[in-house]
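Have a look at the structure below before the remarks.
Chain letters run A, B, ... following the sequence lines, proteins first, then strands; residues in each count from 1.
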Amino acid sequence: MNNNDIELNQQLGKTVGNPLVDGIPRMSCQSVDVFYNQDLQAIFNVSVDLAKNQILAMIGPSGCGKSTLLRCLNRMNDTIDGCIVTGKIYLDNEDIYTSNIDPVLLRAKVGMVFQKPNPFPKSIYDNVAYGPRLHGLMTNNSELDDIVEESLTKAGLWKETKDRLNKPGTGLSGGQQQRLCIARTIAVKPEVILMDEPTSALDPIATATIEELMYELKSSYTIAVVTHSMQQAARISDRCAYFHLGRLVEVNDTNIVFTNPEHGLTENYITGRFG
Amino acid sequence: MNIGQHISQEYNDELEDLRNRVLSMGRLVDQQFSDASQALLKGKIDLAQKVAKLDYKVNAMEVAIDEECAQIIARRQPAAIDLRNLFTVIKVVTDLERIGDESEKIARFASELSTDTKSMNFYKSLKHMVSIAKAMLADSLDCYARLDSQKALEISRMDAELDAEFENLNRLLSTYLLEDTKNIESTLKVTWCARAIERVGDHAKNICEYVVYVVHGRDIRHIDDKSSQDDT
Ligand SMILES: Nc1ncnc2c1ncn2[C@@H]1O[C@H](COP(=O)(O)OP(=O)(O)OP(=O)(O)O)[C@@H](O)[C@H]1O
Ligand SMILES: [Mg+2]
């Protein structure tokens, strides 16, 4: 740690608010540090719980480490050369970084939806069927049909696509593609869904549809969402985490964060003040 | 934490403008109450008329400020301190407008009582109530202007003194009502004036409680003074 880091740590102190949740969390980060190479530390000592059936919003300025931490939750960082994650991350009390965890299976349990919709260059049907086939979640074709229909229905896309399932997924509108990606994610019956700015490219109606979908999904899943929209975080999340220069400054009930945040940095950010 | 310092200077200007409007409405209402009490205590009818005239202005200011708040909320979607600040503005102007109404009431009775020598007997007590209420109002506006939550708690407590004086006067007035049945009407008018002065104190106290809310994000209404002091 250099002098700047020490000074910063003093200013930021430890996370204020309520990093822990009542009861057993679905996921839990404990003292997580992330390095992109020896001298670039992107995440500093972050501890936070994801409560079951809740939406955690992750907010903060560009480059503060939101995506980095999100990627830790399903070991997407494994695919980045030189990226080192230390500390512990648990899914249902199981350490996801131990050697007996298969990252491919983990990513089925902890699915991810990206900022830019990224449907495979395949049919709508095959996009959704991809995961279940990969993981052998069905024994016959009619079961697969059921999974595809159910996932598209949950993602609010069934009505629009049921007559064009064999058309390419890339032929859908942006909002539809994003819902297709969500359908693809939930087709493998995950426990947790990670979303990295899922609506940043969408119009208000498509955004509202995705937000409504997230609201419906949280009764079956646990969701963590990164967003640059304060209003979106305020609208959809149960808890909200504010990151600043790789530190988790504050995390608390969204109601508290948006009416009476504890930390001055959180307040500056959500009210649009100079930090 | 200051209400300014937003990255958007336009937003800072809007909030500053809003604050100035609330403060000028406060000054007007303060003037109204001061004129009304002078009218009552010194029988100055011209002042009583002035109070009624100012009322239109005060009402118009309330409407304009509410409208500006609605616009800022719609366009800026304020959060945290900004949200609490706007929420408070809306509440403060409601209380200010009510103080204006109470002052108007006092002014009306003042005109009616000005020819009535009997009611003189209660003026000492009314004068005392006026002086407490006036201090509470002036101080609460000052607290709001400076967002001084410490002082706000102190002013909140002055309300108990005003309430006690009101109780005293009421006891006195009830005896009069029984003994001097010929003057029931003017005695009742004095009661209503006292009641109006007491209400002014309540509204001033509300303003102080909003100041605590802006600063600390905690609603201290309906908690007794002691417990609110314990945890701030
Ligand atoms: N693959 C990578 N290799 C090296 N450094 C990286 C890599 N990905 C991110 N970083 C660095 O880590 C820090 C955190 O980046 P991250 O993408 O997590 O930020 P973010 O909060 O998601 O920002 P944004 O809001 O712009 O998406 C940044 O300084 C970034 O430059
Ligand atoms: Mg990112």
Side-chain angles (χ1 to χ4, degrees), chain A residues 11-13 15-18 55-64 199-200 204 207-208 211 225 227-244 248-275, chain B residues 1-19 68-92 144 147-150 152-153 208-223 228 231-232:
Chain A
Q11 187 205 341
L12 295 169
T15 302
V16 300
N18 243 333
I55 299 178
L56 173 74
M58 294 159 66
I59 60 173
S62 189
C64 68
T199 62
S200 61
T207 300
E211 288 180 1
V225 57
T227 176
H228 277 149
S229 159
M230 294 305 96
Q231 280 72 43
Q232 178 166 74
R235 282 193 298 267
I236 61 170
S237 65
D238 299 286
R239 302 199 322 131
C240 186
Y242 173 66
F243 292 84
H244 188 92
L248 175 53
V249 172
E250 176 162 5
V251 51
N252 218 330
D253 287 358
T254 301
N255 283 331
I256 296 176
V257 172
F258 282 91
T259 58
N260 192 17
E262 218 174 293
H263 205 291
L265 287 171
T266 316
E267 181 139 82
N268 286 342
Y269 185 73
I270 64 170
T271 61
R273 284 179 163 79
F274 294 105
Chain B
M1 171 67 60
N2 190 293
I3 62 163
Q5 293 171 346
H6 292 91
I7 295 163
S8 161
Q9 189 50 42
E10 192 186 18
Y11 191 10
N12 288 334
D13 294 345
E14 287 167 10
L15 292 175
E16 185 58 28
D17 176 59
L18 190 64
R19 198 177 93 97
E68 189 171 340
C69 284
Q71 285 165 3
I72 293 177
I73 289 169
R75 293 181 40 224
R76 303 285 182 185
Q77 283 123 42
I81 179 123
D82 298 329
L83 181 66
R84 303 202 301 273
N85 175 35
L86 280 171
F87 199 72
T88 293
V89 166
I90 295 168
K91 295 231 167 215
V92 166
Y144 174 74
L147 291 182
D148 180 346
S149 63
Q150 201 48 51
L153 282 170
C208 293
E209 287 166 345
Y210 307 145
V211 171
V212 176
Y213 173 68
V214 179
V215 176
H216 299 291
R218 292 178 49 252
D219 194 334
I220 58 157
R221 287 174 303 168
H222 318 302
I223 309 174
S228 71
D231 30 50
T232 27

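- Take Tyr144(B) and apply the ring pair (Phe, Tyr, Trp, His ring centres under 6.0 Å) test, not counting sequence neighbours, and it matches no residue.
- For Arg235(A), the side-chain hydrogen bond (donor to acceptor under 3.5 Å, both in side chains) test picks out Glu211(A), with sequence neighbours left out.
- Between Phe258(A) and Leu83(B), the shortest heavy-atom distance links the atoms O-CD2, 4.1 Å.
- When atom types are taken as modelled, the side chain of Glu267(A) and the backbone of Ile81(B) share a donor-acceptor pair closer than 3.5 angstrom.
- Side-chain atoms of Thr271(A) and Gln5(B), non-hydrogen and from C-beta on, never get closer than 4.5 Å to each other.
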